[in-house]
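Worth knowing before you read on, the calculation uses all heavy atoms, side chains too, and leaves out hydrogens, waters and symmetry mates. FYI, the numbering just counts along the sequence from 1.
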Amino acid sequence: MDLVLLCVFLPLVTVAWGQYGDYYYGPYNYGDNDEWANVYRQGFNFQCPHGQVIVAVRSVFNKKEGSDRLWNYACMPAAQSLGEPTECWWEEINRAGTEWYQTCSNNGLVAGFQSQYFPSVLDREWQFYCCRYSRRCPYSCWDRQWKFIVCRMTEYDCPFQNV
């Protein structure tokens, strides 16, 4: 019985910690002087330099600041085997206060974000900036906090597109 209760409550504790905790991933260079991409309750636009993709995300939650987060990202050049991006685009905007699941369409990789804060719902809307590299495909994907999905890329051109 105790094992059943642990299995039921552990995911709830994990979700609560993920929402209200700070998040830091990897020993990456997050830019000059560890500056944040945003200030609390403000919109922002972050894009990696051409040919680079997001490799790490850092975030700090503050309930007193409208339950908002500071965000910062680290970029690195895409693997040389991927070549240059063949196209880049902004994905559809998700609406603040709604359920959301986002991937880059057309097998793209995330190369930036833009976001706007809405105090009426204490939430942000998000838009991903995505780039496709020689029609390579993501595989061996896994979830990170807040359902970030991390993937490896194939060494061959893909015969299909994700939707």
Checklist entry - Have Gln116 and Glu125 got a donor and an acceptor in their side chains that come within less than 3.5 Å? => result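 Per modelled atom types, Gln116 and Glu125 side chains form no pair under 3.5 Å.
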Please round to the nearest 0.5 Å and tell me the distance separating atom [atom1] of [X] and atom [atom2] of [Y].
X: Gln114; Y: Phe46; atom1: CD; atom2: CZ; result: 13.0 Å
X: Gln42; Y: Ser115; atom1: CD; atom2: OG; result: 11.0 Å
X: Arg69; Y: Lys63; atom1: CZ; atom2: NZ; result: 13.0 Å
X: Trp71; Y: Arg58; atom1: CH2; atom2: CZ; result: 12.0 Å
X: Asn94; Y: Asp123; atom1: CG; atom2: CG; result: 7.5 Å
X: Tyr133; Y: Leu82; atom1: OH; atom2: CG; result: 7.5 Å

Item to check | Main-chain N/O of Glu91 paired to Gln127 side chain as donor or acceptor, under 3.5 Å | outcome: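 A pair under 3.5 Å: yes.
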Do [X] and [Y] have side chains that get closer than 4.5 Å, going by heavy atoms?
X: Val53; Y: Cys75; value: no
X: Trp89; Y: Ser105; value: yes
X: Ser81; Y: Glu155; value: yes

Next on the checklist: Can you confirm whether Glu87 is buried at CD, in the sense that more than 12 heavy atoms of other residues, nucleotides or ligands lie under 6.0 Å from that atom?
Outcome noted: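 Enclosed: over 12 neighbouring heavy atoms sit under 6.0 Å from CD of Glu87.
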Item to check | Check: Trp126 ring centre within less than 6.0 Å of Phe118 ring centre | outcome: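 No; Phe118 has its ring centre 6.0 Å or more from that of Trp126.
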Item to check | Test of ring centre spacing under 6.0 Å for Phe113 and Phe128 | outcome: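 Yes.
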Item to check | Leu109 and its side chain to side chain contact (heavy atoms under 4.5 Å, CB included) partner, picked from Arg132, Gln52, Met153 | outcome: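 So, applying the side chain to side chain contact (heavy atoms under 4.5 Å, CB included) to Leu109 and each of Arg132, Gln52, Met153, only Met153 qualifies.
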Next on the checklist: The test is side chain to side chain contact (heavy atoms under 4.5 Å, CB included); show your working for Leu122 and Asp68 and say whether it passes.
Outcome noted: CA-CA 7 Å; Leu122 301 176; Asp68 197 14; over 6 Å; no
Next on the checklist: Between Val39 and Tyr117, is the side chain to side chain contact (heavy atoms under 4.5 Å, CB included) condition met? List the steps.
Outcome noted: CA-CA 10 Å; Val39 296; Tyr117 179 78; over 6 Å; no
Checklist entry - Is the distance between the SG atoms of Cys88 and Cys130 less than 2.5 Å? => result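 Disulfide absent: SG-SG distance not under 2.5 Å.
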